[in-house]
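Residues take their numbers from the sequence shown, with the count starting at 1. These numbers come from the heavy atoms of this one structure, side chains and all, not from hydrogens, waters or symmetry mates.
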Amino acid sequence: IWVQTALEYEATAVQAYRLAQLQLDAALADPRWTAAIEQTGDASMLPPAVVVDVDETVLDNSYYQARMIRDHAAFAPATWDPWVLEARATAVPGAREFAQYAEAKGVTVFYVTNRTANLEDATRRNLLAEKFPLSGTVDTVLMRGERPEWSASAKGPRRAHVARGFRILLLVGDEPRMRALGYPTRRYKYLAFVLAGGVAGLAGALLAAQPRLVTPGGPGFPTPAPALLAGIIGGARRPWGPGPGEQHHWFAWWFGGGA
């Protein structure tokens with residue numbers, strides 16, 4: 001299964017959570033910041049929190065999906081509930097580190113899931129087994145049906161419950177859900193595409209100006225590989241990270257005889 005084996009999936013997930021860490025730092029620095037439409041009034045004095053989904057956001061259930069493929073079956077409570085009770089889902093790449101980073105910053109992590117209330121104990125065991133932080137003083141695992149007003153799959157009432165006592169800095173979940181809540185996900189994707197395209201176009205122009213020659217082999221992997229390597233070496237959590245990474249790569253290339 002691609003999710004279980006592809007380095008591209010792992011890199012994409014880690015990148016998303018590293019971006020979430022940067023956004024968390026920005027949110028902590030801005031007392032007016034809130035990510036929840038349920039948050040009303042002045043929340044600047046409330047303790048900070050982030051709200052995350054569970055399935056395919058922090059816990060990877062691809063092993064359950066593989067089981068369904070093997071058995072020629074489809075999703076159903078009769079097979080899903082026993083899987084959850086096994087508490088064997090693994091952490092999505094980057095999710096554990098993000099949750100621990102938030103906890104270290106004094107941010108409470110709330111897990112708002114549409115798993116039903118009868119699965120809460122197993123969900124907690126699974127989260128703890130994967131080393132996700134759980135509060136010892138506040139119920140941070142909010143299940144569907146845990147309260148009468150939480151019986152629907154819509155998570156607004158549960159986010160509103162969190163917003164009464166915490167300033168919600170980030171909502172971490174899937175794009176269709178964010179879009180249904182009214183968040184302009186298409187705008188953010190468009191801006192990211194335009195920005196990335198502009199940077200790539202500028203890099204291409206600078207590259208073409210140096211040898212004054214453009215060949216079909218130019219866009220191949222060897223061209224962006226040094227930039228990717230610089231980001232890996234210098235770290236991608238800060239905009240200036242690739243700078244020291246490129247210096248390290250240049251010195252290694254120069255003194256290594258072009259290796």
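Take Asp42 and apply the salt bridge (charged side-chain N to carboxylate O under 4.0 Å, His left out) test, not counting sequence neighbours, and it matches no residue. By the side-chain contact (heavy atoms from CB on, under 4.5 Å) test, Thr40 is found to be paired with no residue, residues two or more places apart in sequence or in another chain being considered.
In this structure, the separation between CZ on Arg164 and CD on Glu38 is 10.5 Å, given to the nearest 0.5 Å. Here Leu19 contributes atom CG and Leu24 contributes atom CG; the two are 11.0 Å apart, rounded to the nearest 0.5 Å. Atom-to-atom distance recorded for Arg124:CZ and Met143:CE is 9.0 Å, nearest 0.5 angstrom. Note that the CG atom of Asp53 and the CG atom of Asn114 stand 7.5 Å from one another [nearest 0.5 Å]. Note that CD of Glu146 is 12.0 Å distant from CG of Leu119, once rounded to the nearest 0.5 Å. Atoms OG and CD, on Ser135 and Glu103 in that order, are 9.0 Å from each other to the nearest 0.5 Å.
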(request) Could you please spell out the steps behind the side-chain contact (heavy atoms from CB on, under 4.5 Å) verdict for Arg159 and Val162? (result) CA-CA 5 Å; Arg159 284 195 304 273; Val162 176; 5.6 Å; no
(message) Show, in sequence, the C-alpha distance, side-chain angles and deciding distance for Glu10 and Thr5, and conclude whether the side-chain contact (heavy atoms from CB on, under 4.5 Å) test is met.
(response) CA-CA 9 Å; Glu10 181 179 355; Thr5 60; over 6 Å; no
(request) Go through Phe98 and Arg18 one step at a time and tell me if the side-chain contact (heavy atoms from CB on, under 4.5 Å) criterion holds. (result) CA-CA 7 Å; Phe98 168 74; Arg18 285 185 177 176; over 6 Å; no
(request) Output, in order, the C-alpha distance, side-chain angles, deciding distance and verdict of side-chain contact (heavy atoms from CB on, under 4.5 Å) for Thr113 and Arg144. (result) CA-CA 7 Å; Thr113 174; Arg144 178 161 61 91; over 6 Å; no
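Taking the six-membered ring where the residue is Trp, the centroids of Tyr101 and Tyr17 are separated by 6.0 Å or more.
Between Arg167 and Ala27 the shortest heavy-atom distance is NH1-O, 3.5 Å. Smallest separation of non-hydrogen atoms from Ala74 and Met68: O-SD, 3.8 Å. When all heavy atoms of Tyr111 and Pro133 are compared, the pair lying nearest together is OH-O, 2.8 Å. Among all heavy-atom pairs drawn from Leu28 and Lys105, the shortest one is CD1-CB, 3.9 Å. In this structure, Ala99 and Val109 approach most closely via the heavy-atom pair O-CG2, 3.9 Å. Contact between Pro82 and Pro77 at its shortest, heavy atoms only, is CD-O, 3.8 Å.
Hydrophobic clustering, with ILVMFWY side chains joined whenever heavy atoms are under 4.5 angstrom apart, keeps Met45 apart from Val50. Hydrophobic clustering of Ile, Leu, Val, Met, Phe, Trp and Tyr side chains at less than 4.5 Å, counting indirect connections, keeps Val14 apart from Val58.
Between the side chain of Lys155 and the main chain of Val112, a donor-acceptor pair closer than 3.5 Å is present. One N or O on the side chain of Gln39 and one on the backbone of Ala163 form a donor-acceptor pair closer than 3.5 Å. Between the side chain of Arg96 and the backbone N or O of Glu130 there is at least one donor-acceptor pair closer than 3.5 Å. Judged purely by atom type and a 3.5 angstrom limit, Asn126 uses its side chain to pair as donor or acceptor with the backbone of Ala89. Distance alone, capped at 3.5 Å, places no donor-acceptor pair between the Thr57 side chain and the Val54 backbone. No donor-acceptor pair closer than 3.5 Å links the side chain of Asp60 to the backbone N or O of Val92. Here the side chain of Trp33 pairs a donor or acceptor atom with the backbone of Leu169 at under 3.5 angstrom.
Screening Val172, Thr108, Ile168, Leu142 against Val51 for a side-chain contact (heavy atoms from CB on, under 4.5 Å) leaves a single residue, Ile168.
Sorted by first then second residue, the side-chain hydrogen bond (donor to acceptor under 3.5 Å, both in side chains) pairs that include residues 80-94, not counting sequence neighbours, are Asn61-Trp83, Arg67-Glu86, Glu86-Arg88.
Contact annotation: the side chain of Gln4 never approaches that of Tyr9 to less than 4.5 Å [non-hydrogen atoms, C-beta and beyond]. Between Phe110 and Val138, some side-chain heavy-atom pair lies under the 4.5 Å cut-off.
By the neighbour-count criterion of 12 heavy atoms within 6.0 Å, atom CD of Gln100 is densely surrounded, having more than that number from other residues, nucleotides or ligands.
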